Amino acid sequence: MDASGTSQTGSADRSKDDVGPRLEAAILALLAARADTATICPSDAARAVAPDNWRPLMDPARSAAAKLVASGDVEITQGGGVVDLSTARGPIRIRRRR
């Protein structure tokens, strides 16, 4: 247990639980800071959330992008064209919905 009386395991679980919303927020913030036509890589969001340990966040970053696609905020592209993330293989980019 830590000084607050919670177990460190519980704290780690909370951190895992909120990584999706943090990645979603990072995606939106990164896109907001760029030109309307710009794209980002899911790794950009993962690095924004965990600069020293971003690689394990690549699948959660793609999942966060999928949630933002479902809400109509972003689109997923490959080679400049919009693709369905559920069938996309390989590198993707994320952009604001047009």
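The analysis underlying the following values was restricted to heavy atoms, covering all of them including side chains, and did not include hydrogens, waters or symmetry mates. Everything numeric in this text was worked out from a predicted model, so none of it was measured.
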How long is the gap from [atom1] on [X] to [atom2] on [Y], to the nearest 0.5 Å?
{"X": "R97", "Y": "S71", "atom1": "CZ", "atom2": "OG", "result": "9.5 Å"}
{"X": "L31", "Y": "I40", "atom1": "CG", "atom2": "CD1", "result": "4.5 Å"}
{"X": "L85", "Y": "I92", "atom1": "CG", "atom2": "CD1", "result": "5.0 Å"}
{"X": "L30", "Y": "I94", "atom1": "CG", "atom2": "CD1", "result": "9.0 Å"}
{"X": "R93", "Y": "D44", "atom1": "CZ", "atom2": "CG", "result": "6.5 Å"}
{"X": "R47", "Y": "R55", "atom1": "CZ", "atom2": "CZ", "result": "7.0 Å"}

Atom of [X], atom of [Y] and distance for their closest heavy-atom approach:
{"X": "R96", "Y": "R34", "answer": "NH2-O, 3.2 Å"}
{"X": "V74", "Y": "A65", "answer": "CG2-O, 3.8 Å"}
{"X": "A46", "Y": "L57", "answer": "CB-CB, 3.8 Å"}
{"X": "R62", "Y": "A88", "answer": "NH2-O, 3.6 Å"}
{"X": "A64", "Y": "G20", "answer": "CB-O, 4.0 Å"}

Open item on the list: Any heavy-atom pair between the side chains of R98 and T37 that's under 4.5 Å?
Closed with: yes
- [ ] Tell me whether I76 is reachable from L28 by hopping between hydrophobic residues (I, L, V, M, F, W, Y) whose side-chain heavy atoms are closer than 4.5 Å.
- [x] yes
TODO: Answer with yes or no whether the hydrophobic clustering places W54 together with V19; edges join I, L, V, M, F, W, Y residues whose side-chain heavy atoms lie under 4.5 Å apart.
DONE: no
- [ ] Before giving the answer on side-chain contact (heavy atoms from CB on, under 4.5 Å), spell out for K67 and D73 the whole-Å C-alpha distance, their side-chain angles and the decisive distance to 0.1 Å.
- [x] CA-CA 9 Å; K67 281 187 79 172; D73 293 312; over 6 Å; no
